[in-house]
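Structure first, then comments.
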Amino acid sequence: MATTDGTIRVDHLSKSFGRVRAVDDLSFVVHPGRVTGFLGPNGAGKTTTLRMLLGLVRPTSGTATIDGVPYTRLPRPLRTVGAALEAASFHPGRTARDHLRVYAPQVGVPDRRADEVLELVGLSAAANRRVGGFSLGMRQRLALATTLLGDPSVLLLDEPANGLDPEGIRWLRVFLRALAAQGRTVLVSSHVLSEVEQTVDDVVIIARGRLVHASSLPDLARLARPRVRITAPDAAALAALVAAHGWVRSDEQPVGTPTDATGNPHRVELVDVDAADVGRAAFAAGIELHELSRHDPGLEGLFLGLVGGRDVDGGDRTEVR
């Protein structure tokens, strides 16, 4: 592995294509020794950002650096950064081994490195098979093998789980975490948080080209507010109970309003309250309940709230360092 720090720094990065602002004043840091999920819906600007990191697209403004310098100024860029962006291109008539041997001289490694990386990604048995007969998952593994040819300290992977079956996704999870444990910087883009939430240490979430959240995964999870759903036949009594205890409704209607966002006059959903406390208070007040249940948005629900332009509390975009 190249002996470099491997820190990725994006600083006020913007890119416009005509009137379209693909990336808008984006700033974040990716640290070595960790797997960072670069998340956002399709069209959020993830691939454009990665392409600017690799010098394939010129920024309109701002900077994107690796080890403090742009990719094009790295002394040995192919030995420092391994990247797999979008769909990898393979000659269908070449074997997996020959595909890697074509790239080995460009990276500056001997031919034997091809067999080493094929073993790393679990393709040794397919080394002499033509790539044209590979499944999408096998192609993803071969693309990852290509990024590892130079034993880089930084990996930039765009949707690496695409096409992998559940077993392949589990393998990828373990593999990426092992690479990070070696001190490498691993940046993985995805438009689905659930696909990477068991893999990543940190998250950078963007939407419409702008940062909406950056933190460790545990810090992101702490943003989720527990919710309690209550249904009662007496809407007025239920509204009075909510008002008396100062509980906060998730639909942000005035406390004491019996009608929720769905138009049901007998149901309310509260945040930051324990279901046991609600049940105890309802019993003491003599209020009949037909439903008392806890509902957590989960990380995927939280992610969808953030990329929808608001956080799960209905507030502004957040950034946690």
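This structure is a prediction, so every number in the text was calculated from the model and none was measured.
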Out of curiosity, D202 CG to L217 CG, how far, rounded to the nearest 0.5 Å? 8.5 Å

Minimum heavy-atom separation for P110 and A104, please, with both atom names. O-CB, 4.2 Å

Side-chain donor-acceptor pair present, R229, S293, cut-off under 3.5 Å: no

F175-L136 co-clustered via ILVMFWY side chain contacts under 4.5 Å: no

Does K46 reach the side chain of I206, with side-chain heavy atoms less than 4.5 Å apart? yes

Could you check T231 against R267 for side-chain hydrogen bond (donor to acceptor under 3.5 Å, both in side chains), going step by step and ending with a plain yes or no? CA-CA 4 Å; T231 303; R267 173 179 291 175; 3.1 Å; yes

Tightest non-hydrogen contact, residues P160 and Q140, listed as O-NE2, 3.1 Å

Can you name the nearest heavy-atom pair linking F134 to A96, along with the distance? CZ-CB, 3.9 Å

For a quick test of reading the model, state the closest non-hydrogen atom pair linking L187 to V30 and the distance between them. CD1-CG2, 3.9 Å

Are side-chain heavy atoms of V109 and R79 found at a separation under 4.5 Å? yes

Residues D151, R184: salt bridge by 4.0 Å N-O rule: yes

Output for pair (L223 CG, D219 CG), nearest 0.5 Å, gives 7.5 Å

Out of the candidates T199, V192, L193, only one should pair with E195 under the side chain to side chain contact (heavy atoms under 4.5 Å, CB included) rule; please name it. V192

Going by atom types alone, do H213 and S215 pair a side-chain donor with an acceptor below 3.5 Å? yes

Separation between OG1 of T48 and NZ of K15, rounded to the nearest 0.5 Å: 9.0 Å

Euclidean distance, R141 CZ relative to L120 CG, rounded to 0.5 Å: 12.0 Å

Are the aromatic ring centres of F38 and F28 under 6.0 angstrom apart? yes

Any salt bridge linking R113 with E116? Criterion: basic side-chain nitrogen under 4.0 Å from a carboxylate oxygen. yes

If you define the side chain from C-beta out and look only at heavy atoms, does anything of L54 sit under 4.5 Å from T72? no

Would a distance-only check, ignoring hydrogens and angles, find a side-chain to backbone donor-acceptor pair under 3.5 Å from H245 to W247? no

For L299 and A221, the nearest pair of non-hydrogen atoms, with its separation, is CD2-CA, 3.7 Å

Would S14 and H12 count as a side-chain hydrogen bond (donor to acceptor under 3.5 Å, both in side chains) if you check the C-alpha gap in whole Å, the side-chain angles of each, and the deciding distance to 0.1 Å? CA-CA 7 Å; S14 295; H12 297 288; over 6 Å; no

Side chain of E300, backbone of S194: donor and acceptor closer than 3.5 Å? yes

Could you grab the distance from atom CG of L211 to atom CD1 of I205, nearest 0.5 Å is fine? 8.5 Å

Considering residues, nucleotides and ligands other than R9, do more than 12 of their heavy atoms fall under 6.0 Å from its CZ? no

Do L50 and S189 pass the side chain to side chain contact (heavy atoms under 4.5 Å, CB included) test, and can you show the C-alpha distance, the side-chain angles, and the key distance before you say yes or no? CA-CA 9 Å; L50 295 178; S189 81; 4.2 Å; yes

Between R97 and N128, is there a side-chain heavy-atom distance shorter than 4.5 Å? yes

Under a single-linkage definition using a 4.5 Å side-chain heavy-atom cutoff for Ile, Leu, Val, Met, Phe, Trp and Tyr, are L241 and F283 assigned to the same hydrophobic cluster? no

Begin with the C-alpha distance, continue with both residues' side-chain angles, and end with the deciding distance and a verdict on side-chain hydrogen bond (donor to acceptor under 3.5 Å, both in side chains) for S16 and R21. CA-CA 4 Å; S16 296; R21 191 79 156 177; 3.0 Å; yes

Separation between CG (L220) and CG (L306), nearest 0.5 Å, reads 6.5 Å

Any side-chain heavy atom of T7 within less than 4.5 Å of one from T185? no

Determine whether V307 and P41 make a side-chain contact, defined as any pair of heavy atoms from C-beta on separated by less than 4.5 Å. yes

R227 vs R294 side-chain heavy atoms within contact, under 4.5 Å: no

For V228 and H295, what are the C-alpha separation, side-chain angles and deciding distance, and is it a side chain to side chain contact (heavy atoms under 4.5 Å, CB included)? CA-CA 6 Å; V228 173; H295 296 266; over 6 Å; no

Evaluate whether atom CD of E291 has more than 12 neighbouring non-hydrogen atoms of other residues, nucleotides or ligands under 6.0 angstrom away. yes

For the pair R249 and E269, find out whether any cationic side-chain nitrogen is under 4.0 Å from an anionic carboxylate oxygen. no

Could you tell me whether R112 and D115 have a side-chain N and a carboxylate O separated by less than 4.0 Å? no

Quick check against the 3.5 Å criterion: does D201 have a side-chain atom that pairs as donor or acceptor with the backbone of V35? yes

Are side-chain heavy atoms of L53 and I8 found at a separation under 4.5 Å? yes

